[in-house]
Amino acid sequence: MDSNFEGGNEENKSKIYLDYNATTPLEPTVLTAIHDALRDAWGNPSSSYTAGKKASHMIKQARSSVANMIGALDSDIIFTSGGTEANNMVIHSALEYFREFNDIVDLKPHVITSNLEHDSIQLPLLNLAKQGRIEVTFVSASQDSGAVTAEEVLQEVKPGTCLITVMMANNETGVIQPIEDIAKAIRGLKKSRSSKKIPRILFHTDAAQAIGKIKVDVDELGVDYLTVVGHKFYGPRIGALYVRNPTGDTPLHPMFFGGGQERNFRPGTENTGMIAGLGCASQLVVDNLDQYHDNMKMVRDYLEFRLKEIFQDKIQFNGKFQTSDRIPNTCNMSFIGSGLEGRKILATVKKLQASVGAACHSDVVSRPSPILTAIGVPHDIAMNVLRLSVGRDTSKEDIDLVVEDLKAAVECLKQG
Ligand SMILES: O=C(O)CC[SeH]
């Protein structure tokens with residue numbers, strides 16, 4: 001049984017959680033790390049006496065674990081309140097960089113992104129464009145791969161392009177985006193752009209759905225910024241922003257000002273307990289990624305095998321493409337037939353806890369996922385979607401129970 005319901009109340013024990021892309025429970029060792037830090041390292045990390053030094057040492061250790069997890073230097077890690085803050089900080093920094101640069105050239109800042117992004121990228125960009133402060137280009141993902149291509153992203157580059165931001169893996173389909181290819185193409189433009197005295201193109205990826213599932217290495221990716229989100233890999237609800245040498249190569253500008261913490265990049269007395277938890281969760285990824293990956297992939301593939309076995313041609317998978325890879329834990333599927341909307345299925349099942357798409361869109365019931373629409377899934381199929389995302393402890397027994405639960409729900413809905 002899925003371990004995060006062990007010890008839960010009776011109702012919870014009968015439930016099977018398959019929404020790990022929405023959020024994950026804390027690993028028990030992470031919970032212990034948080035508890036111990038709150039108990040033993042309550043001092044202000046800026047204080048020079050023992051209580052403060054205990055806290056600052058714990059933060060130093062956590063920073064090192066986060067850096068190690070993504071192949072970064074400790075000094076490249078800035079702790080934030082979460083992924084939304086990290087993503088907004090990247091956009092803010094790119095615009096500040098451009099503004100400083102713009103004394104030389106009379107251009108409007110231009111940002112390129114995909115049509116698959118999380119709202120914490122899409123909405124700040126749309127808001128800035130609405131204010132007339134930037135131009136933004138949303139590159140469409142291919143319907144044949146569920147991903148953008150480096151060629152199509154780079155085709156949109158203009159003299160004023162100062163930021164390209166593309167998520168590493170999509171939260172609904174699980175499709176992995178070509179981050180390395182985009183970075184390589186951007187590097188190819190660096191020399192010509194610097195000779196024309198136009199802004200460097202900064203490159204960011206939101207790795208929220210990739211970390212803890214596949215290898216994430218900032219040097220292999222070639223990014224300038226990378227977003228880390230703790231609650232997607234059994235850590236606490238804080239985050240971190242990777243910035244390649246923030247005091248030198250890569251611009252980073254604070255969104256607010258205060259006591260000077262995080263080298264003035266992100267002021268505010270540090271959340272030692274949660275930072276300790278993020279460090280512990282990161283160390284678990286360093287130590288166990290291959291095992292996590294392999295188990296999640298085995299269980300997800302078994303899920304898709306069983307779904308196909310039971311429902312045959314009455315379902316379709318929306319994230320499986322010959323020409324792109326997926327993170328190992330995600331299955332996006334739709335039932336084929338009227339009256340089988342994903343929300344109705346989820347309201348009818350007895351055990352399964354999952355979603356039809358991004359949790360932050362769960363209140364929108366009248367339209368299909370914009371992500372599925374973006375990759376060409378027809379309206380009626382997109383309305384019948386289930387997003388199933390397995391976790392580290394999901395078992396084949398859980399999958400057998402879920403498939404039986406879905407079979408019963410579909411039969412019940414078909415009987416009207
Ligand atoms: O995809 C999810 O559920 C998390 C982002 Se809102």
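Order of appearance sets the numbers: ligands from 1, and atoms from 1 within every ligand. Every heavy atom of this structure was used, including side-chain atoms; hydrogens, water molecules and symmetry mates were not. Note that the structure is a prediction, hence the values are computed from the model and not measured.
A salt bridge (Lys or Arg N to Asp or Glu O under 4.0 Å) check over residues 144-172, counting only residues at least two apart or in different chains, returns the pairs Glu135-Lys158.
With sequence neighbours excluded, the residues that form a side-chain contact (heavy atoms from CB on, under 4.5 Å) with Thr23 are Tyr17, His231, Arg237.
Among all non-hydrogen protein atoms, the one lying nearest atom 6 (Se) of ligand 1 is Cys360 SG, 2.3 Å.
In summary, the atoms of ligand 1 found under 4.0 Å from a heavy atom of Asn171, numbered by their order in the structure, are 1 (O), 2 (C), 5 (C). Remark: ligand 1 atoms within the under-4.0 Å shell around heavy atoms of Lys232 are 4 (C), 5 (C).
Taking a 6.0 Å sphere around NZ of Lys215, one finds it holds 12 or fewer heavy atoms contributed by other residues, nucleotides or ligands. In this structure, Lys308 places its NZ atom where more than 12 heavy-atom neighbours from other residues, nucleotides or ligands lie under 6.0 Å away.
Taking each of Arg387, Glu172, His231 in turn, the one with a heavy atom nearest to atom 2 (C) of ligand 1 proves to be Arg387.
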